[in-house]
Colleague: 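Provided herewith is a single structure, encoded as structure tokens, for subsequent inquiry.
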Amino acid sequence: MANIANELWNDFVSLIFPENCISCGELLVRGEDHLCTACRYQLPIVDEAIRDSLLTNKFVYEPKISFVDAFLTFKKSGITQKLLHQLKYKGNRELGVMLGAWYGNQLIEKPGFSAFDIIVPVPLHKRKLRIRGYNQSMAIAEGLSVATQKPVDAELLVRSKFTSTQTKKQKVDRWQNVENIFAITSAESVKGKKVLLVDDVLTTGSTLSSCASALISAGAEGIGICALAVSHK
């Protein structure tokens, strides 16, 4: 009875405050959140060719990075850019959790994924966190945790230095911008662990590499990298 009442209430709220698909703008129907069913099935899922070449080659220099993956491909003005804009700049935290859960359901089928002990989101500096209100990578990590049942440790890695945005920087500038800016809060918590790093977008890999270096220096046994989206830059 309670479920029926909840459904009726949700239908009433949707009637008064209709929600539109982030991608195409069509009205959503019962059972749809943020994206309509048609747009969900048009998501540009990363294919094996990209995963085996583009992703792996970004971290070929570090043998302890044993797993690299991404969920969606990023193209300017495409659906992935719209989703990321909502997640990072429009306060749509729930979208990050939902996409993380979708991604997690895919990840649990991948060889090597089960070996990871903890999920660690790439942290924001506390100044940027105050401005944005939440860490988008943490929202994605929460969704991954729901789907995979692996714990999240959002306190293990901190960004010790405020840096300017990476969005419009060239490749070399990106690496210099994030060099040695991450620190570990507890070496005991990471020693001997296999850590899955989570970020929203993978471009040059500079930010994730800097995170991985800090974790490896603290004694992590292995590093995995997962991004909600990967850019071809």
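A quick note: this is a predicted structure, and the numbers were derived from the prediction, not measured. Counting begins at 1 with the first residue of the sequence.
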Colleague: Give a yes or no on whether the backbone of Phe116 and the side-chain of Lys193 come within a donor-acceptor separation of less than 3.5 Å.
Modeller: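 Side chain of Lys193 to backbone of Phe116, a donor-acceptor pair under 3.5 Å: no, none is there.
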
Colleague: Under a 4.5 Å cut-off applied to non-hydrogen side-chain atoms, are Cys39 and Ile79 in contact?
Modeller: yes

Colleague: Say you draw a straight line from CD of Gln106 to SG of Cys226; how long is it, rounded to the nearest 0.5 Å?
Modeller: 9.5 Å

Colleague: Using the rule that Ile, Leu, Val, Met, Phe, Trp and Tyr join whenever any side-chain heavy atoms are under 4.5 Å apart, tell me whether Leu228 and Val146 fall into a single cluster.
Modeller: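 No, because Leu228 and Val146 fall into different hydrophobic clusters, even though each may have its own neighbours under 4.5 Å.
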
Colleague: How long is the straight-line distance from CG of Leu202 back to OG of Ser209, given to the nearest 0.5 Å?
Modeller: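 The OG atom of Ser209 sits 8.5 Å away from the CG atom of Leu202.
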
Colleague: For the residue pair Gly192 and Glu221, what are the closest heavy atoms and their distance?
Modeller: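 Heavy atoms of Gly192 and Glu221 come nearest at O-OE1, 3.0 Å.
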
Colleague: Is there side-chain contact between Ile140 and Asp200, with heavy atoms separated by less than 4.5 Å?
Modeller: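 Ile140 reaches Asp200 side chain to side chain.
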
Colleague: Starting at CD1 of Ile22, measure out to NZ of Lys82 and round the result to the nearest 0.5 Å.
Modeller: 10.5 Å

Colleague: Can you list everything that forms a ring-ring contact (aromatic ring centres under 6.0 Å, His included) with Phe113? Sequence neighbours excluded, please.
Modeller: none

Colleague: Taking only Lys NZ, Arg NE, NH1 and NH2, and the carboxylate oxygens of Asp or Glu, determine whether Glu48 and Arg51 approach each other closer than 4.0 Å.
Modeller: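 Yes, Glu48 and Arg51 are salt-bridged.
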
Colleague: Consider only side-chain heavy atoms of I, L, V, M, F, W and Y, link residues closer than 4.5 Å, and tell whether Ile45 and Leu87 are in one cluster.
Modeller: yes

Colleague: Applying side chain to side chain contact (heavy atoms under 4.5 Å, CB included), can you list everything that pairs with Val201, at least two apart in sequence or on another chain?
Modeller: Leu84, Thr203

Colleague: Tell me every residue that passes side chain to side chain contact (heavy atoms under 4.5 Å, CB included) with Asn57, counting only those two or more places apart in sequence or in another chain.
Modeller: Ser53

Colleague: Would you name the heavy atoms of Trp102 and Leu35 that are closest together and state the gap between them?
Modeller: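 Looking at all heavy atoms of both residues, the shortest contact is CZ3-CD1, 4.0 Å.
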
Colleague: Using the side chain to side chain contact (heavy atoms under 4.5 Å, CB included) rule, pick out the option among Leu197, Val190, Thr185 that qualifies with Leu157.
Modeller: Leu197

Colleague: Between Ile108 and Asn105, which heavy-atom pair has the shortest distance, and what is it?
Modeller: CG1-O, 3.3 Å

Colleague: Quick one: hydrophobic cluster around Leu129, which other residues, with the 4.5 Å side-chain cut-off, linked directly or via members?
Modeller: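 Answer for Leu129: Leu124.
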
Colleague: Give a yes or no on whether Glu26 atom CD has more than 12 heavy-atom contacts from other residues, nucleotides or ligands under 6.0 Å away.
Modeller: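 No, CD of Glu26 has 12 or fewer neighbouring heavy atoms, counting only those of other groups under 6.0 Å.
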
Colleague: Say whether, by atom type as modelled, one donor and one acceptor occur between the side chain of Arg159 and the main chain of Ile181 under 3.5 angstrom.
Modeller: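 No, because the side chain of Arg159 does not come within donor-acceptor range (under 3.5 Å) of the backbone of Ile181.
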
Colleague: Salt bridge (charged side-chain N to carboxylate O under 4.0 Å, His left out) with Glu32: which residues, sequence neighbours excluded?
Modeller: none

Colleague: Which value, rounded to the nearest 0.5 Å, describes the distance between Arg40 atom CZ and Leu99 atom CG?
Modeller: 9.5 Å

Colleague: Using the rule that Ile, Leu, Val, Met, Phe, Trp and Tyr join whenever any side-chain heavy atoms are under 4.5 Å apart, tell me whether Tyr61 and Ile216 fall into a single cluster.
Modeller: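 Linked within one cluster.
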
Colleague: Is a side-chain donor or acceptor of Thr80 paired with a backbone partner of Thr73 at a separation under 3.5 angstrom?
Modeller: yes

Colleague: Between the side chain of Tyr103 and the main-chain N/O of Leu72, is any donor-acceptor distance below 3.5 Å?
Modeller: no

Colleague: Going from OG on Ser189 to CD on Glu155, what distance comes out if it is rounded to the nearest 0.5 angstrom?
Modeller: 10.5 Å

Colleague: If you look at every heavy atom in Val97 and Glu142, which pair is closest and at what distance?
Modeller: CG2-OE1, 4.0 Å

Colleague: Is any side-chain heavy atom of Phe67 less than 4.5 Å from a side-chain heavy atom of Ile223?
Modeller: no

Colleague: Any donor and acceptor pair, going by atom type alone, linking the side chain of Ser145 with main-chain N or O of Lys150 inside 3.5 Å?
Modeller: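 Side chain of Ser145 to backbone of Lys150, a donor-acceptor pair under 3.5 Å: yes, one is there.
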
Colleague: On a heavy-atom basis, which atom in Asp199 and which in Ser137 lie closest, and how many Å separate them?
Modeller: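 The pair with the smallest heavy-atom distance is OD1-OG, 3.0 Å.
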
Colleague: When you measure from the side chain of Asn135 to the backbone N and O of Val122, does any donor-acceptor pair fall under 3.5 Å?
Modeller: yes

Colleague: Are side-chain heavy atoms of Ser160 and Phe182 found at a separation under 4.5 Å?
Modeller: no

Colleague: Does the side chain of Phe59 reach to within under 4.5 Å of the side chain of Ile225, using non-hydrogen atoms?
Modeller: yes

Colleague: Which atom names give the shortest non-hydrogen contact between Ala141 and Ile119, and what distance separates them?
Modeller: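 Closest heavy-atom pair between Ala141 and Ile119: CB-CG2, 3.8 Å.
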
Colleague: Would a 4.5 Å heavy-atom cut-off, applied to side chains only, mark Arg132 and Gln136 as touching?
Modeller: yes

Colleague: Is Asp117 reaching over with its side chain to a backbone N or O of Lys194, donor-acceptor style, under 3.5 angstrom?
Modeller: yes

Colleague: Quick one: does Phe71's side chain get under 4.5 Å of Leu107's, heavy atoms only?
Modeller: no

Colleague: Measuring from atom NE2 of His34 to atom CG of Asn92, what distance do you get when rounded to the nearest 0.5 angstrom?
Modeller: 5.0 Å

Colleague: Would you say that Leu156 contacts Ile184 through its side chain, given a criterion of any heavy-atom pair below 4.5 Å between the two side chains?
Modeller: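 Answer yes - side chains close enough.
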
Colleague: Assigning hydrophobic clusters by single linkage (Ile, Leu, Val, Met, Phe, Trp, Tyr; side-chain heavy-atom cutoff under 4.5 Å), is Ile118 placed with Val158?
Modeller: no

Colleague: Short question: side chain of Thr148, backbone of Gly104 - any donor-acceptor pair under 3.5 Å?
Modeller: no

Colleague: Holding to salt bridge (charged side-chain N to carboxylate O under 4.0 Å, His left out), I want the full list of residues that pass it with Lys110, two or more places apart in sequence or in another chain.
Modeller: Asp69

Colleague: Do the side chains of Leu95 and Val29 join up, straight or via other hydrophobic residues, at under 4.5 Å, putting them in one cluster?
Modeller: no

